[in-house]
Amino acid sequence: MNEKRPNPDELLGLGVGILTTFVYDDPHAFTVITGDLPGGSSEAIVALGRVSEAMVRMIAEMLGVSKEEALERIAASFAAAY
């Protein structure tokens with residue numbers, strides 16, 4: 001069976017959808033969104049990774065720092081909060 005895998009832009013859209021299910025605490029929507037992914041859970045992880053990468057890039061641009069510096073600041077914020 002040769003299933004079509006999502007392209008990077010589709011993965012970004014899927015990732016936003018998956019992230020939205022977490023924000024709204026909607027496990028049913030998560031199942032609907034990820035249920036037909038050809039790679040299953042691994043495909044969902046890739047989609048979330050794509051969204052995370054885009055968010056780090058946007059934060060870096062807003063702060064006027066490198067992606068690495070933005071990631072360090074995000075990690076420090078998580079460490080302080082949790």
Side-chain angles (χ1 to χ4, degrees):
M1 180 180 242
N2 190 9
E3 296 181 11
K4 179 186 175 287
R5 300 190 71 72
N7 68 41
D9 289 335
E10 290 171 329
L11 284 173
L12 187 57
L14 283 169
V16 170
I18 293 167
L19 182 59
T20 301
T21 70
F22 292 137
V23 169
Y24 287 99
D25 192 23
D26 189 346
H28 175 71
F30 176 83
T31 303
V32 170
I33 290 171
T34 60
D36 292 330
L37 291 176
S41 295
S42 62
E43 199 76 31
I45 291 168
V46 170
L48 286 173
R50 184 89 169 115
V51 168
S52 299
E53 178 187 20
M55 291 174 77
V56 168
R57 188 174 45 252
M58 286 187 284
I59 290 168
E61 289 173 4
M62 286 188 290
L63 296 175
V65 299
S66 69
K67 291 185 296 185
E68 295 78 13
E69 175 68 20
L71 184 58
E72 288 176 16
R73 290 184 185 192
I74 293 165
S77 295
F78 285 155
Y82 300 102

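Remember, predicted model here, so these are calculated numbers, not experimental data. FYI, side chains are in, hydrogens and waters are out, and symmetry mates aren't considered; it's all heavy atoms of this structure. Note that the numbering runs from 1 along the sequence shown for the chain.
A distance of 7.5 Å separates CG in Leu19 from OG1 in Thr21, rounded to the nearest 0.5 Å. The structure places CD1 of Ile45 at 11.0 Å from CG of Leu37, a figure rounded to the nearest 0.5 Å. For the atom pair Leu48 CG and Thr34 OG1, the distance stands at 9.5 Å (nearest 0.5 Å). The OG atom of Ser52 sits 11.5 Å away from atom CZ of Arg57, with the distance rounded to the nearest 0.5 Å. Summarising the geometry, atom CG belonging to Asp36 is positioned 12.0 Å from atom CD belonging to Glu43; distances are rounded to the nearest 0.5 Å.
Listed for the Glu10 side chain is a donor-acceptor partner under 3.5 Å among the backbone atoms of Asn7.
Grouped by direct or indirect side-chain proximity (heavy atoms under 4.5 Å, Ile/Leu/Val/Met/Phe/Trp/Tyr only), Leu63 sits with Val56, Ile59, Met62, Val65, Leu71, Ile74, Phe78, Tyr82.
For residues 11-69, the set of pairs meeting the ring pair (Phe, Tyr, Trp, His ring centres under 6.0 Å) definition, not counting sequence neighbours, comprises Phe22-Phe30.
In this view, Glu61 satisfies the salt bridge (Lys or Arg N to Asp or Glu O under 4.0 Å) rule with no residue, not counting sequence neighbours.
Under a hydrophobic clustering in which Ile, Leu, Val, Met, Phe, Trp and Tyr are joined whenever their side-chain heavy atoms come within less than 4.5 Å, directly or via other members, Val16 and Met58 fall into the same cluster.
Nearest heavy atom pair, residue Ala60 against residue Ser66, reads CB-O, 3.6 Å.
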